[in-house]
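Values below: every heavy atom of this structure, side chains too, minus hydrogens, waters and symmetry copies. Owing to the predicted nature of the structure, the values given are computational and were not obtained by experimental measurement.
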Amino acid sequence: MDNRTDSAAPSGRVDIENLAISFELPGGDTLEAVSDVDIVLEAGSFTALIGPSGCGKSTILNAVAGFVPISGGQIKIDNEPVSGINPEVGVVFQQYALFPWFTAIGNVEFALKRLQLPRAERRERALAALREVGLEDRASTYPGQLSGGMKQRVALARTFASEPKVLLMDEPFGALDAQTRIAMHELLLGVWDLHRTTVLFVTHDVDEALLLSDRAHIMSTGPGRIIESLEVTSSRPRKVDEMTEEFLTNRNKIMKLLRHHTVAES
Amino acid sequence: MTNQLNQLLKVAASLTGVVVVWWAVAISGLINPLLFPTPYTVLIAAKELYEDGILISDLGISLARASIGFVIGAILGISVGILTARTRFFAIALGPFLNLLRPIPAIALVPIAIVWFGIGEGSKYFVIAYTVFLAVWLNTHHGTAHVAQTYIRAARSLGASRLREFFEVIIPAAAPHIVVGLRLGAALAFLSLVAAELSGASAGIGFRLQDARDYIRTDRMFVGLIELGILGALLDQFFVYVGNKLVHWEQL
Ligand SMILES: Nc1ncnc2c1ncn2[C@@H]1O[C@H](COP(=O)(O)OP(=O)(O)O)[C@@H](O)[C@H]1O
Ligand SMILES: [Mg+2]
């Protein structure tokens, strides 16, 4: 676990080029959900994808995860085209997707089984992963007995335990209350600091995007496309109650864009 | 604990009420006592059947039939349900046929079962297993076919093999539905047991009901009906208890 921090050559670069995704609708029509999307996720970077509901954020993320096929362009991870679901790409879902029939540690061990470690080592690593999210003492609790925030922490531990090169998060904290969200942001950045996985973080919350990411892409609907990309350079940890000049400038810019596009289309 | 006691008290109160009303109606003289026995005469009839050894042996015979038929039907129902839910071939080959079978009640199968398997135990097992099979198949199929997509996606992106996905995700995700199917199947096993025993049996609770009819022994019929009721309720409680242990993450 610890030998990973100093692994020199970072991998996990994602190239999304000219991506288009369409869905066959029941009536026989096709819906163009996303088109002309170009995104580069540098290895070890933290990228946010912001946009109104229905603009295709999840669709892009699902394509990178290999959950949905693409209809144009390409997605490459470390220069390999994505050809299906791949354990090198971890996913954290908004609905947690913890298996309720396994305990917290059972869920983490589920992810470790592919590494075929000896049982004791697997358990030890699962415990270490839970320790990273501060839930070591809840190892044998079932998800049904955990709060939303705790569930998402277990889900984070589970995903990080399997050491993916790329981590996709689809509005992971969308169902949590404001205070829990703030705690989760700190926790996520802390754990991410240990692993330095490439992160693609989908949200419709502008502040969340600016607090977490190095780079933010703003999307618009009909079909989903990227209308603006910006860098966030200020150092972490960033706080909503101590907003920097950059934060405010970016925030205003994004708000204006989102409002402009929502008004134009509604 | 107090909750359980409370529950028990409610059940006791309700049953006492029923017995009181029953008794009042029976002694009111409104209905011929031959047709509508009092709780006391029923108790005497039960005692008599018990002392003759018939009560216990009937119970044993009927339970054995129901259990064997249930086990056969349940095993087949779970297996076929998984196959029709997870493989295209079996879905196409068996799905429509099984859906055609569903409306056919167990009683309708009794004559053909007797022709095929004779008057012995075989025909009873067949009729019971058939009913249980359909209930368990339907629920297993439904539960196994509709596993939440995020579970499958999560499992695969966590690197689970198809085998692990099946045993560690699909089966547990379908388990609550399978348990519901088994519980329903157990209740149906009783229904079809009686159907099977009403014609062509020489022992068992269903046979005893039929036999009592020939002698217009309504007291004995009541004994049989009460037996069926108690047995069915106990069995259902048993399935709820075991089911809740088995799929502890979901309240049945
Ligand atoms: N499986 C699907 N079949 C048909 N249409 C879909 C499917 N998934 C998403 N869509 C459509 O694609 C568009 C983008 O959806 P989505 O990516 O979920 O948006 P977001 O995550 O930004 O809210 C929406 O119009 C949605 O209705
Ligand atoms: Mg979405």
Closest-packed option against chain B by number of heavy-atom pairs under 4.5 Å, given P100(A), P87(A), G144(A), A111(A): P100(A)

Top contributor to chain A interface from A154(B), P172(B), A173(B), G159(B) [non-hydrogen pairs under 4.5 Å]: P172(B)

Ring geometry between F110(A) and F102(A) (parallel below 30°, tilted from 30 to 60°, perpendicular above 60°): tilted

All side-chain hydrogen bond (donor to acceptor under 3.5 Å, both in side chains) counterparts of E17(A), not counting sequence neighbours: Q74(A)

Side chain to side chain, I107(B) and L198(B), heavy atoms closer than 4.5 Å: no

Close side-chain approach of L98(B) to L138(B), heavy-atom, < 4.5 Å: no

Listed partners of E42(A) passing side-chain hydrogen bond (donor to acceptor under 3.5 Å, both in side chains), at least two apart: R13(A)

Just list the donor-acceptor pairs under 3.5 angstrom between chain A and chain B, please.
unit_1, atom_1, unit_2, atom_2, d
W101(A), NE1, E168(B), O, 2.7
F110(A), O, R164(B), NH2, 2.7
K113(A), NZ, E168(B), OE1, 3.1
K113(A), NZ, E168(B), OE2, 3.3

Residue part contacting chain B, namely of L112(A), when any heavy atom lies under 4.5 Å: neither

In residues 64-72 of chain A, what donor-acceptor pairs under 3.5 Å come from side-chain atoms, sequence neighbours left out?
unit_1, atom_1, unit_2, atom_2, d
S71(A), OG, A20(A), O, 3.1
S71(A), OG, S22(A), N, 3.0
S71(A), OG, S22(A), OG, 3.2

Toward chain A, the part of V169(B) with a non-hydrogen atom under 4.5 Å: both

Side chain, backbone, both or neither of F93(A) within contact of chain B (heavy atoms, under 4.5 Å): side chain

Student check: side-chain heavy atoms of T203(A) and F173(A) closer than 4.5 Å: no

Whether F239(B) and F70(B) hold their rings parallel, tilted or perpendicular, with breakpoints at 30° and 60°: perpendicular

Part of A155(B) within contact of chain A (heavy atom distance under 4.5 Å): both

4.5 Å side-chain heavy-atom contact, I205(B) and L228(B): yes

